[in-house]
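Throughout, a chain's letter reflects where its sequence line sits, starting with A, and its residues are numbered from 1.
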There are 2 protein chains.
Amino acid sequence: MTQIDDMPGHLVRRFQQIAVAVFHAEVADAGFDLTPVQYAALVSVNAHPDIDQVTLAGLIAYDRTTIAGVVDRLVQKGFLTREVSDRDRRARVLRVTDAGLETIGNITPAVEEAQKVMLGGLTDEEARAFLRLLRKATDAANDLSRAPLRTSSTDATADGRIRAK
Amino acid sequence: MTQIDDMPGHLVRRFQQIAVAVFHAEVADAGFDLTPVQYAALVSVNAHPDIDQVTLAGLIAYDRTTIAGVVDRLVQKGFLTREVSDRDRRARVLRVTDAGLETIGNITPAVEEAQKVMLGGLTDEEARAFLRLLRKATDAANDLSRAPLRTSSTDATADGRIRAK
DNA sequence: TCAAGATTGACAGTATGCTGATAATCAGTG
DNA sequence: CACTGATTATCAGCATACTGTCAATCTTGA
């Protein structure tokens with residue numbers, strides 16, 4: 001017997017695989033074709049209109065080289081627009097389209113169902129305990145990743161832009 | 001505020017990213033260049049000499065189309081050999097080389113350290129509780145993934161081959 | 001104001017993971 | 001033995017993720 005099966009890293013990898021598979025299944029059942037990552041990006045842009053890609057990446061803990069492809073696909077699906085910013089010509093400003101907004105509204109039940117299904121093996125109490133510990137461990141180790149979460153402690157600035165730290 | 005930050009799927013994705021980053025960092029510090037996935041495959045082949053790729057995939061919950069690339073890289077690094085089986089000419093029989101064996105022996109402390117680091121935000125008791133719940137949730141949802149874990153309930157057969165279920 | 005440094009986005013390259021298809025081979029049945 | 005169905009591996013194609021590099025642009029300080 002290898003001890004691999006009991007290593008946190010290996011278990012997390014397995015659970016993540018399951019989480020993605022469950023998300024796909026529930027979302028496909030509901031008639032949508034969105035990945036977990038695309039969903040997170042879409043919802044976050046909706047919550048922060050005119051956000052730029054780097055700030056978006058920080059809000060959902062993506063690598064900034066990954067976000068480009070994700071946004072590409074969302075633009076291609078017609079759920080996002082990407083335009084050069086007036087204020088900073090390096091930045092691309094993101095915005096949810098009407099189609100994107102409609103998708104967000106209709107897909108949410110499937111997404112929430114997926115969260116329940118992936119924790120189906122735990123009692124409600126266990127699920128709460130698990131989530132609390134998962135959040136604590138993740139937050140504590142946040143900066144060990146190249147793509148740490150960068151929540152806006154300050155609120156959105158006048159232009160809707162979020163500043164990290 | 002989006003509620004994304006509290007979704008188990010999103011948290012797991014973040015924690016998995018952290019786990020991989022920590023693994024890379026610790027292993028690189030120790031002077032090695034192995035990914036988490038490659039490490040799991042290497043250790044598992046070592047525990048089950050002459051295993052074929054599908055059985056190996058089941059032991060560590062990889063998709064069978066993923067395992068081919070992983071094994072390719074391990075063969076290229078000189079850690080594994082892959083030969084056509086005598087008994088079943090469809091199957092490729094895997095075996096750890098001396099270099100692979102040496103790597104396993106020397107890399108293990110770094111791998112174990114990585115497991116501690118990624119759980120650094122939890123007390124020992126919390127870490128135990130977290131692992132128990134993670135294992136329970138993962139095992140319960142095992143079959144929801146395309147790449148479920150297939151532990152050998154029966155032991156290795158005469159030829160070292162593991163039969164699932 | 002202008003030069004140095006930081007930031008934004010993009011690209012190339014590598015490594016998981018997945019879906020779906022195919023070829024080669026094996027096992028079981030009539 | 002021939003046929004059918006299952007199994008093993010591979011391939012093409014797509015979607016995360018990462019490292020490292022680069023050009024364009026902004027910001028800051030001398």
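At the heavy-atom level, A:S85 lies nowhere under 4.0 Å from the strands shown. Using a 4.0 Å heavy-atom distance criterion, B:R89 is classed as a sugar-phosphate-only contact.
The CG-P distance, from A:D88 to D:dA23, rounds to 19 Å in whole Å. The CZ atom of B:R87 sits 12 Å away from the P atom of C:dC26 (whole-angstrom rounding). For the pair B:D33 CG and C:dT14 C1', the interatomic distance rounds to 11 Å; values are reported in whole Å. Here the P atom of nucleotide C:dT8 and the CG atom of A:D86 are 17 Å apart, to the nearest Å. The distance between atom CD of A:Q38 and atom C1' of D:dA17, rounded to the nearest whole Å, is 14 Å. Rounded to whole angstrom, the span from the CG atom of B:L34 across to the C1' atom of D:dC18 amounts to 16 Å. Atom CD in B:Q53 sits roughly 5 Å away from atom P in D:dA9 (whole-Å rounding).
Checking C:dT16, D:dT8, C:dC18 against the side-chain heavy atoms of B:R146 singles out C:dC18 as nearest. The B:T35 side chain lies nearest to C:dA15 when the options are C:dG20, C:dA15, D:dA15. Looking at the side chain of A:D52, the nearest of the listed nucleotides D:dT8, C:dT19, C:dG9 is C:dG9.
A donor and an acceptor atom sit less than 3.5 Å apart, one in the side chain of B:R90 and one in the base of D:dT7.
Atom OG1 in B:T35 sits 7.0 Å away from atom CZ in B:F23 (nearest 0.5 Å). One distance of note links CZ of A:R146 with CG of A:D63; it measures 4.0 Å at 0.5 Å rounding. The line from OH of A:Y39 to CD1 of A:I107 is 7.0 Å long, rounded to the nearest 0.5 Å. The CG atom of A:D6 sits 4.5 Å away from atom CZ of B:R135, with the distance rounded to the nearest 0.5 Å.
When only modelled atom types and interatomic distance are considered, A:R82 and A:Q53 share a side-chain donor-acceptor pair under 3.5 Å.
An OP1 or OP2 oxygen of D:dT8 is reached within less than 4.0 angstrom by no side-chain nitrogen or oxygen of B:T55. For the OP1/OP2 pair of D:dT10 and a distance below 4.0 Å, the side-chain nitrogens and oxygens of B:R82 include at least one atom meeting the criterion.
Checking B:K77 against A:V93, the closest nucleotide of DNA chain C that is more toward the 5' end is the one next to A:V93.
At distances below 3.5 Å, at least one donor-acceptor pair connects side-chain atoms of B:T97 with backbone N or O atoms of B:G78. The main-chain N or O of A:A40 is found under 3.5 Å from a side-chain atom of A:S44 such that the two form a donor-acceptor pair.
Listed by residue number, the members of residues 8-26 of chain A with any heavy atom below 4.0 angstrom from DNA chain C are A:R13, A:Q17. A heavy-atom distance below 4.0 Å to DNA chain C is reached by these residues of residues 60-74 of chain B, ordered by number: B:D63, B:R64, B:T65, B:T66, B:V70, B:R73.
There is no path of hydrophobic side-chain contacts, each under 4.5 Å, that joins B:V54 to A:I4. Taking hydrophobic clusters as Ile, Leu, Val, Met, Phe, Trp and Tyr residues chained together by side-chain heavy-atom distances below 4.5 Å, A:F15 does not share a cluster with B:M7.
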message: Between B:D50 and B:R87, is the salt bridge (Lys or Arg N to Asp or Glu O under 4.0 Å) condition met? List the steps.
response: CA-CA 11 Å; B:D50 287 344; B:R87 268 168 267 85; 5.6 Å; no

